Protein chains: 2
Amino acid sequence: MGAPARRRRAPKGEGDRLRDEILAAAEHLLIETGDEAAVSIRAIADAVGVTPPSIYLHFADKDELVFAVCQLEFAELGRRMEEAGRGVEDPVQALKNLGRAYIAFGTEHPAQYRILLMGKRELSREDFESGTLPGMEAFGQVVASVQACMEAGAFAPGDPFLVAMGLWAVVHGVTSLRITVPGFPLVDAEVLIDHVLEVQSRGLTARDGQNE
Amino acid sequence: MGAPARRRRAPKGEGDRLRDEILAAAEHLLIETGDEAAVSIRAIADAVGVTPPSIYLHFADKDELVFAVCQLEFAELGRRMEEAGRGVEDPVQALKNLGRAYIAFGTEHPAQYRILLMGKRELSREDFESGTLPGMEAFGQVVASVQACMEAGAFAPGDPFLVAMGLWAVVHGVTSLRITVPGFPLVDAEVLIDHVLEVQSRGLTARDGQNE
DNA sequence: TCCTTAAGCTAACGGCGATAGGTTGTCGTT
DNA sequence: AACGACAACCTATCGCCGTTAGCTTAAGGA
């Protein structure tokens, strides 16, 4: 692998073509190696067949590039969750399916999950609220699903937003521990996931009090 | 700040004295800046008044150093949790207190929590089981506390280890989201924590079935 | 006094993200 | 067909990083 494989310069109006090639190369590198550290500006440039400074024609810095890559992949999270909940008539079961889909997706994309949801990138409050984070579109699904559970009388009445936030924390906890701690959990993952979701649904079930 | 402030060479038998100074300097840097990236070998060496290679007389590499720093601080987690649960006669309340203490500690030491529990450092399964991780001593407390809840009839019978694992995921989820997402949760943190712990305890309460 | 050896240093390597400023190919204009 | 402008990309370099090989110096016993 000595040949530099120089890339042909893009025609005049289509400088942005390089942008897509960069994103593709970075994504490939990230998935291949599973390590953000291996995705260096130099390695990306090399893969594309271009010199490092050219990257900066399209991205302000490395963080922006990596973030863009993860955003692209995370667009699928919303779809996966939507699919998981669609057509399930029992609202509680539908909600559980959302959680299962979330955990599965995160586990299947550990490097990206790490960068987006466990990284140093300071997620601004705006990102969080305005749905710049693709994951936050999915959060809306959870809120709606919780509300459906409450309206069906399956869950005790309460603030769906608060409940959804709690659920997010739970599935994120499972996902992120699975990513960080090898061999977590020491029991079968599916068993833990079933258990956790079951505890959540029992804890939220309409009974005596309400979910304040 | 021009003076290099050279450190005096340690007497013959006490070369390990430098080790402690390095750990102290690294800890100070980490807390001061809150950023692992700012804790460079060079910065540490500079703070101690020594040259970078001297660090390697006491630590194999940077990871080992940083890990050692975090371990030192995390030794307190066990104490804090122990203290939080001690003398509380209601076992469920005691368990909740453990969770609260965990979240509080993690939130107060974000940089360290990030490195130990959200970092790339591949926690070996041995670390996890043998309690090399100081946090795992704390995990034992949780298992015992869960068992107490079951024996008191407050929780449905089941596998305390599984239940404790689920609880860990929950408190870790809250902690790590608080660290990663600024302004999380969009509701008051205490409200969310109360909610989450309440849902857990309700979901685990002895009622019809058991916690399989 | 001298000699061993622990304790720490100097110099350097390769890799990183990023920037300043030059080159070259493409395209509309004449 | 020749030209000039500008987009697209490159060369050279800076300052940082972790890490290593090999040298120096001071401490302490003989």
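Lettering of chains follows the sequences in order, A, B, ..., and the numbering in each one begins at 1. Predicted model only: the values in this text are computed from it and were never measured.
Nucleotide dC9(D) holds its C1' atom 15 Å from the CZ atom of R17(A), rounded to whole Å. Between the P atom of dG17(C) and the CD atom of E64(A) lies a distance of 15 Å, rounded to the nearest Å. At whole-Å resolution of the value, CG in D61(A) and P in dC16(C) are 17 Å apart. In this entry the distance linking CG of L65(A) with C1' of dG17(C) reads 12 Å, nearest Å. Atom CG in D16(B) sits roughly 13 Å away from atom P in dA6(C) (whole-Å rounding). If you measure from atom CZ of R19(A) to atom C1' of dA7(D), you get 17 Å, rounded to the nearest angstrom.
Evaluation of the side chain to side chain contact (heavy atoms under 4.5 Å, CB included) rule for A43(B) yields L29(B), S40(B) as partners, not counting sequence neighbours. Judged as a side chain to side chain contact (heavy atoms under 4.5 Å, CB included), and not counting sequence neighbours, the contacts of A84(B) are N97(B), A101(B). Residues meeting the side chain to side chain contact (heavy atoms under 4.5 Å, CB included) test with A164(A), sequence neighbours left out: F139(A), V142(A), V143(A), V146(A). Residues satisfying the side-chain hydrogen bond (donor to acceptor under 3.5 Å, both in side chains) criterion with E21(B), sequence neighbours excluded, are R7(B). The side-chain hydrogen bond (donor to acceptor under 3.5 Å, both in side chains) check on Q200(A) picks up nothing, with sequence neighbours excluded. For E108(B), the side-chain hydrogen bond (donor to acceptor under 3.5 Å, both in side chains) test picks out R80(B), with sequence neighbours left out. With sequence neighbours left out, R8(B) forms a side-chain hydrogen bond (donor to acceptor under 3.5 Å, both in side chains) with no residue at all. Residues satisfying the side chain to side chain contact (heavy atoms under 4.5 Å, CB included) criterion with A189(A), sequence neighbours excluded, are R178(A), P185(A). Under the ring-ring contact (aromatic ring centres under 6.0 Å, His included) criterion, H109(A) pairs with F105(A), sequence neighbours left out.
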Contacts under 3.5 Å, N or O only, protein and nucleotides 3-5 of chain C:
residue, atom, partner, partner atom, Å
dT5(C), O2, K12(B), NZ, 3.1

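Projected onto DNA chain D by closest heavy-atom contact, I41(B) and R8(B) fall at different nucleotides, the more 5' of which corresponds to I41(B). Heavy-atom distances to DNA chain D give each of R9(B) and K62(B) a nearest nucleotide, and the one nearer the 5′ end belongs to K62(B).
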| task | Step by step, work out the side chain to side chain contact (heavy atoms under 4.5 Å, CB included) result for M118(A) and H172(A). | result | CA-CA 10 Å; M118(A) 304 162 64; H172(A) 168 72; 4.2 Å; yes
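Summarising the geometry, atom CE belonging to M165(A) is positioned 4.5 Å from atom CG belonging to L186(B); distances are rounded to the nearest 0.5 Å.
Of the residues in residues 51-60 of chain B, those placing a heavy atom less than 4.0 Å from an atom of DNA chain C are T51(B), P53(B), S54(B), L57(B), in numerical order. Contacts of residues 28-39 of chain A with DNA chain D (heavy atom under 4.0 Å): none.
Judged by distance alone, with hydrogens and angles left aside, R42(A) brings no side-chain donor or acceptor close enough to the base of dG15(C) to form a pair under 3.5 Å.
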